[in-house]
2 protein chains.
Amino acid sequence: METGLEAFVALCRKSEIKVTPQRLEIYKEIISADNHPSAEYIYQNIRSRLPGISRDTVYRTLSSFQEWGLISQVPNLDEMIRFDPNTQPHHHFVCEKCRKLIDFSWSEFDSMAIPAKLNGIGTIHNRHVEIYGLCQECASKEQQ
Amino acid sequence: METGLEAFVALCRKSEIKVTPQRLEIYKEIISADNHPSAEYIYQNIRSRLPGISRDTVYRTLSSFQEWGLISQVPNLDEMIRFDPNTQPHHHFVCEKCRKLIDFSWSEFDSMAIPAKLNGIGTIHNRHVEIYGLCQECASKEQQ
DNA sequence: GTCGTTGCAAAAGTTTTGCACGTTA
DNA sequence: TAACGTGCAAAACTTTTGCAACGAC
C-alpha cells in the first residue's frame, strides 16, 4: 500500500505529472479496493475525504491513469449491450477496431480442468473466452 | 431465415405471446444481422421498414426475447466501466450475484493453441477468460 | 508565474418507466 | 372485448466536454 503510493509519487515526479490531493486519493482508493471499482464507486467513496471533488475529476483522472499505464480497464465489449441469437454457450473473437464479434466453439477449452487455485472460490456455472485482435478486414486496412 | 421466423411464430402461438409487426421485424433483424447488434443499431435499421416504431419498443422487446430464451446478451460485466490496478494480463472469476471480480492466472490456458478454425480470422493480440458463478459468500447465502 | 488540473454546468448517449391509446387473439 | 403491446414523453444514469478559476511546481 505504502509502497504503491510511493511508487505513484515517484512516477509522477519523474514524468512531470503533478501530484494533487485528488489524484492521491483516487489512486489510494483503487489499490486498496478489492472489487475492481467503477468511477462512480470511487467518487462516492472519496467524497467523505475530499468533500469538494467532482465527478469529472474522477473520470478524467482514471482516464489519465490508464494512459500512464497505472491501471487498466476491465475487459468489456462496449458501453452498449449487444444481443446474440445464439443462446448456446460459445466464445467470441472481438475485433478491437470495428468491434465485430465472431462466434466460435472450443471444446478443448470447455473440457479443460479449471486451475486448482479456484477450488474454494465458490460455485462455478460457466466459462467464456474472449480473443481480442483485428479482423481480416481491419488488419488489411491497417497495413496500407 | 424463414425457418427461424416460422419457429418464432410457432413459439408465440404456443406460449400465448402476441405476434406483432414490431416483434417480427426485431426478430428478423437479429437473426439476419451478423454483428451481434445493439438495441440502438436494431432500432435504426428497422426504422425504414417500420417508420413509427419507438426506441422503447425495441428495448422492451429485446428484454422479452431474452426472458423467453430466444436471444442472449453478449457477456458483459456491467453497464459501468470498472478499473483494475493489475495491469498484467490475467483472468477473472465473476460473481453473478454481487458482481465481485477475483483475478487469477492460468498459464495452462495462456499457452494453449488457439482452435484451428480461427486461423484465417485476422491478427490475434490477446485472450481473456471469464468464469461465471457464485462467490463463496453469495453461494452460502443462497443455501439459507 | 506558467501551465497543467480542477470544479461547475451543460450535454450526449443508453436505458427505464408511467400512462393513455391501439392492436392482437 | 379483454388483456397485452405500443408510442410518447420524461427521467435516470454513466460519461464527455467547454470554460474559467485554482494550485502544483
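A note on names: the letters A, B, ... follow the listed sequences, proteins ahead of strands, and every chain is numbered from 1. Not measured: the values here are computed from a predicted model.
- Annotation: proximity of residues 59-75 of chain B to DNA chain C (heavy atom, distance under 4.0 Å) is found for B:Tyr59, B:Arg60, numbered in ascending order.
- Protein chain B contacts DNA chain C over a range whose 5' and 3' limits, counting nucleotides with an atom under 4.0 angstrom from a non-hydrogen atom, are C:dT14 to C:dA25.
- The salt bridge (Lys or Arg N to Asp or Glu O under 4.0 Å) pairs that include a residue from residues 58-69 of chain B are B:Asp56-B:Arg60, where partners are two or more places apart or lie in different chains.
- Atom CD of A:Glu79 is separated from atom C1' of D:dC13 by 14 Å (rounded to the nearest Å).
- Listed in residue order, the members of residues 48-56 of chain A having a heavy atom less than 4.0 Å from DNA chain D are A:Arg55, A:Asp56.
- Identified under the salt bridge (Lys or Arg N to Asp or Glu O under 4.0 Å) test for residues 69-81 of chain B, with sequence neighbours left out: B:Asp78-B:Arg82.
- Nearest approach of A:Phe83 to B:Ala39, heavy atoms of both residues: CE1-N, 4.1 Å.
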Which pairs would a plain distance check flag for residues 116-125 of chain A, meaning a side-chain donor or acceptor within less than 3.5 Å of a matching protein atom at least two apart in sequence or in another chain?
unit_1   : atom_1 : unit_2   : atom_2 : d
A:Asn119 : ND2    : A:Ala116 : O      : 3.2
A:His125 : ND1    : B:Glu96  : OE1    : 2.6

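- Between A:His90 and A:Phe104, the distance from one ring center to the other does not fall under 6.0 angstrom.
- In this structure, CG of B:Leu24 is placed 13 Å from P of D:dG5, rounded to the nearest angstrom.
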For nucleotides 20-25 of chain D, just jot down a letter per nucleotide in 5' to 3' order: B, S or -, based on protein non-hydrogen atoms under 4.0 Å.
---BBS

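- Between A:Phe93 and A:Glu130 there is no side-chain heavy-atom pair separated by less than 4.5 Å.
- Summarising the geometry, the separation between CD1 on B:Ile46 and P on D:dT6 is reported as 11 Å, rounded to the nearest angstrom.
- Within 4.0 Å of B:Glu16, counting heavy atoms only, lies no atom of the nucleic acid at all.
- The closest donor-acceptor contact from the side chain of B:Thr57 to the backbone of B:Ile53 lies at 3.5 Å or more, if one exists at all.
- B:Ser64 and B:Thr61 share no donor-acceptor pair across their side chains, judged by distance under 3.5 Å alone.
- Listed for the A:Ser63 side chain is no donor-acceptor partner under 3.5 Å among the backbone atoms of A:Tyr59.
- Note on residues 13-23 of chain A: no pairs pass salt bridge (Lys or Arg N to Asp or Glu O under 4.0 Å), not counting sequence neighbours.
- An angle of 30°, rounded to 10°, separates the two end axes of the helix from C:dG1-D:dC25 to C:dA25-D:dT1, each defined over five pairs.
- We find that OH of A:Tyr43 is positioned 16 Å from C1' of D:dT16, with the value rounded to whole Å.
- A:Leu101 has its side chain out of reach of B:Asn35: every pair of non-hydrogen atoms, C-beta onward, lies at least 4.5 Å apart.
- Residue pairs meeting the ring pair (Phe, Tyr, Trp, His ring centres under 6.0 Å) criterion with at least one partner in residues 27-57 of chain B, sequence neighbours excluded, are A:His92-B:His36, B:Phe8-B:Tyr27, B:Tyr27-B:Phe65.
- Cation-pi check for B:Arg127 over A:Tyr132 is not met; the charged atom does not lie both under 6.0 angstrom from the ring centroid and within 45 degrees of its normal.
- Between B:Lys100 and B:Glu137, at least one side-chain nitrogen of the basic residue sits less than 4.0 Å from a carboxylate oxygen of the acidic one, meeting the salt-bridge criterion.
- When the salt bridge (charged side-chain N to carboxylate O under 4.0 Å, His left out) test is applied to A:Lys141, no partner is found at least two apart in sequence or on another chain.
- Within the structure, the salt bridge (Lys or Arg N to Asp or Glu O under 4.0 Å) test picks out the following pairs touching residues 34-51 of chain A (sequence neighbours left out): A:Glu25-A:Arg49, A:Glu29-A:Arg49, A:Glu40-A:Arg55.
- Counting to the nearest Å, the C1' atom of D:dC13 and the CE atom of A:Met80 are 16 Å from each other.
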